[in-house]
Amino acid sequence: MKQDYVLHLADTHLILGQRLGEWCGHNVVLEQDIAMSNIALDLLGQCRSLYQYAAELGGNKQTEDQLAFLRGERQYKNHLLVEQPNGDFAFTIARQFFFDVYHQLLCEELVKCSDKQLQAIAEKSLKEVRYHLTWSSEWMIRLGDGTTESHQRLQTAVNELWMWTHELTTTASYEEALDVPRPSDFKAAWHAKVSAILKEATLEIPAESTKQAGGKEGVHTEHLGFILSEMQMMQRTYPGMTW
Amino acid sequence: MTEQEIFDKKIDDDVRIEPKDWMPEAYRKTLIRQISQHAHSEYVGMLPEANWITRAPTLRRKATLLAKVQDEAGHGLYLYSAMETLGMSRQQSLDDLHSGKAKYSSIFNYPTLTWADIGTIGWLVDGAAILNQVPLCRTSYGPYARAMVRVCKEESFHQRQGFEIMMALSAGTAEQKEMAQDAINRWWWPTLMMFGPKDSESGNSELSMRWRIKRFSNDELRQKFVDMMVPQAEFLGLKVPDEKLKWNAEKNGYDFGEIDWEEFWRVVKGHGQCNKQRLDARRKAHDDGAWVREAATAYAEKRAQREATKKGA
Amino acid sequence: MSKDWPLWEVFIRSRQGLDHKHVGSLHAPDTRMAMENARDVYTRRQEGVSIWVVASKDIHASNPDEAAQFFDPAEDKVYRHPTFYNVPDDIEHM
């Protein structure tokens, strides 16, 4: 049960880190290439701590890499939001911003939970996440209140991503059963923060749309399969080897 | 003393030239050409390695590769900055890259086909780059030398990272060893080409040496590289793909075969496998980012104006 | 042809107690992003505890052509240095 939860966190970090990694070498300006890679590296660092902890909880001598590279798409428990393709820069920024707001709220709760390991991981993450949120919020405002084109592009991204954000503040069965934060408890806080930034960015808050969920329970969009087939290609093609 | 004499004396006394100092036009041009080529190499050089970030075989390898490619972006940035002190803007320089006018190291026009290529690039290609770069920490132009000090400091992690990948492969299964050998077979000769044409055919070398922009000749560095790398390849259990490679006790170095200069010039002139692919990727990133850069500028102006109005009120 | 974002100079204090030192430059549209870019570009290896960014256009540099009149007059004022003065060797704490 607890392993499910830790895997859910780890998977979410890894998949978003993987997506951001796709930008490396292709970003809009060198300075931002470096900035985005920094965020990806933070996420990868966090996912490693989490997978290592999950491996420990599993108690069957699995390694972080086996958990990351040898589980199939129905076993992955990341949010649907983070597996959405990068799209244009506006899309990536909006996805990041929605996630960062959630991530900060989560870490702020997680540092208070009874599990010492999760607490320690969250404490380290919190510093990183605060920076991520500052960075993505500023880009939201810059693009929203920039040019007509950037405003339109970002508004489109916000609208299209909106249905995937719902899942960020849902509580899965394994969260119900554990002494861990319930994301549904910070639904209002998430909305308040997101609305404030959207407003400053002169963007419309989207009307309620279909609420997509399922990732946390292992039911994904078509995108995840492609991410995994690329990401797991080495471990699957050359089983059991050391790299 | 004339300006030229003052400049010459500084060069002879190993005193650095700084941005606002008088310098001969040809010196400035040579520097711009070399620094821009160097900056573009870092920038384009991100691409073949970035190819493998999403496919790295372990989480640790994924993170270190990403950090490494990120460093290349940093190196490009330091070098573009050094170039700007000579009055060449980054935009102008990128335009020259995108139009095909400016050159970058041909090594990045070769494809990265397997994971072993990532190890080989770190070990061999970065090894060659370090040999080229370490003397540049003492190059005569101050901002270039300072940028290179930073680059070299960071570069040593890259080579170790590459060597570690190669060690894992050579300690691995038959398949992994084969992958490693295949990679060195493909990368060895292009890496030797990184040191440039033979001294006898290198047009710019002599003046660059006189001005202490360069401190070792192409052939000197190439020899040093071979002498350094052969024992490392042996340690890894890999065969250097050169039938003529032989220790020469008299010169205390290796004799080695002739580079395929036709291939060298073909790739330099734009006809390598990936020349088009790499430039297309650079142009696309730049073009796709145009609206983002414009938006950030527009927002900065708006905010500055709002703040000015607030202060005025 | 599009234009670069403005250029900024970056100064970093590597440890408490030390001066800020010039480390390089970068492009950014405004102060905030200049600061963040400086953090992302120049402190990836814990190189700093404090950052200054200054718009490059705001830096005024002395003119190398005037270097002689600027700096040479200090050359013969050796009495500003402690070694100019004779003190017997057996005097301590001086």
Side-chain angles (χ1 to χ4, degrees), chain B residues 1 3 6-7 10 17-23 67-68 70-71 73-85 88-96 98-99 142-143 146-151 153-154 157 286-287 289-304 307, chain C residues 1-15 18-48 51-72 74-75:
Chain B
M1 276 202 287
E3 281 170 327
I6 296 173
F7 173 84
K10 277 189 197 153
I17 308 297
E18 293 296 342
K20 290 182 123 195
D21 294 350
W22 184 90
M23 58 186 88
K68 188 201 163 193
Q70 183 195 41
D71 272 354
H75 299 174
L77 197 153
Y78 309 152
L79 289 160
Y80 284 121
S81 301
M83 203 184 48
E84 292 197 58
T85 63
M88 175 83 154
S89 73
R90 192 195 292 179
Q91 182 60 54
Q92 176 61 51
S93 169
L94 288 178
D95 286 344
D96 289 349
H98 298 153
S99 72
R146 290 191 286 276
M148 290 317 299
V149 170
R150 261 195 116 71
V151 170
K153 239 189 243 169
E154 299 182 357
F157 129 64
H286 194 72
D287 294 347
W291 69 269
V292 179
R293 296 190 300 273
E294 280 158 25
T297 303
Y299 175 73
E301 280 163 10
K302 273 190 213 176
R303 207 167 66 171
E307 269 161 30
Chain C
M1 194 183 88
S2 54
K3 257 181 64 189
D4 284 316
W5 285 338
L7 193 65
W8 302 74
E9 301 302 323
V10 181
F11 300 80
I12 302 235
R13 185 203 296 288
S14 56
R15 269 191 296 124
L18 296 183
D19 290 328
H20 284 77
K21 188 168 166 280
H22 183 243
V23 295
S25 49
L26 50 78
H27 288 278
D30 52 38
T31 324
R32 280 210 73 100
M33 207 205 284
M35 190 60 88
E36 287 165 13
N37 287 350
R39 176 256 191 200
D40 286 325
V41 173
Y42 289 105
T43 67
R44 298 199 302 288
R45 290 181 169 81
Q46 300 181 294
E47 291 95 335
I51 301 175
W52 289 347
V53 289
V54 183
S56 306
K57 66 173 171 49
D58 291 335
I59 300 231
H60 301 273
S62 62
N63 185 347
D65 295 343
E66 293 168 10
Q69 69 193 55
F70 247 60
F71 305 115
D72 291 357
E75 206 173 18

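Basis for what follows: all heavy atoms, side chains included, without hydrogens, waters or symmetry-related copies. Just so you know, these numbers come straight off a predicted model, no measurement behind them.
Legend: residues meeting side chain to side chain contact (heavy atoms under 4.5 Å, CB included) with E18(B), ordered by chain and number and at least two apart, are R16(B), D21(B), P143(B), R146(B).
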Could you please spell out the steps behind the side chain to side chain donor-acceptor pair (under 3.5 Å) verdict for H27(C) and Q91(B)? CA-CA 11 Å; H27(C) 288 278; Q91(B) 182 60 54; over 6 Å; no
As a quick check of understanding, evaluate side-chain contact (heavy atoms from CB on, under 4.5 Å) for R45(C) and F157(B), giving each step before the final call. CA-CA 12 Å; R45(C) 290 181 169 81; F157(B) 129 64; 3.2 Å; yes
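Looking at heavy atoms from C-beta onward, W22(B) lies out of side-chain contact with D65(C) at the 4.5 angstrom threshold. Between V23(C) and R150(B) there is a side-chain heavy-atom pair separated by less than 4.5 Å.
Across Y299(B) and D30(C), no two heavy atoms sit closer than the pair CD2-OD2, 4.4 Å. Nearest heavy atoms, D4(C) versus S89(B): OD2-CB, 3.6 Å. A pairwise comparison of heavy atoms in P29(C) and A300(B) identifies O-CB, 3.3 Å as the closest pair.
By the 6.0 Å contact criterion, NZ on K153(B) is open, its count of non-hydrogen atoms from other residues, nucleotides or ligands being 12 or less. Surrounding CG of D72(C) are more than 12 heavy atoms belonging to other residues, nucleotides or ligands, all under 6.0 Å away. Remark: K302(B) NZ is packed, more than 12 non-hydrogen atoms of other residues, nucleotides or ligands lying under 6.0 Å away. By the 6.0 Å contact criterion, CD on Q46(C) is open, its count of non-hydrogen atoms from other residues, nucleotides or ligands being 12 or less. Atom CD of E66(C) sits in a crowded spot, with more than 12 heavy atoms from other residues, nucleotides or ligands closer than 6.0 Å.
In this structure, chain B has no heavy atom under 4.5 Å from any part of E9(C). Within the 4.5 angstrom heavy-atom criterion, only backbone atoms of S62(C) (N, CA, C, O) approach chain B. Heavy-atom distances place no part of A28(C) under 4.5 Å from chain B, backbone and side chain included.
Summarising the geometry, atom CG belonging to N37(C) is positioned 8.5 Å from atom CG belonging to L77(B); distances are rounded to the nearest 0.5 Å.
Taking chain C as the reference chain and counting heavy-atom pairs below 4.5 Å, the highest number among R303(B), Q70(B), E154(B) is found for E154(B).
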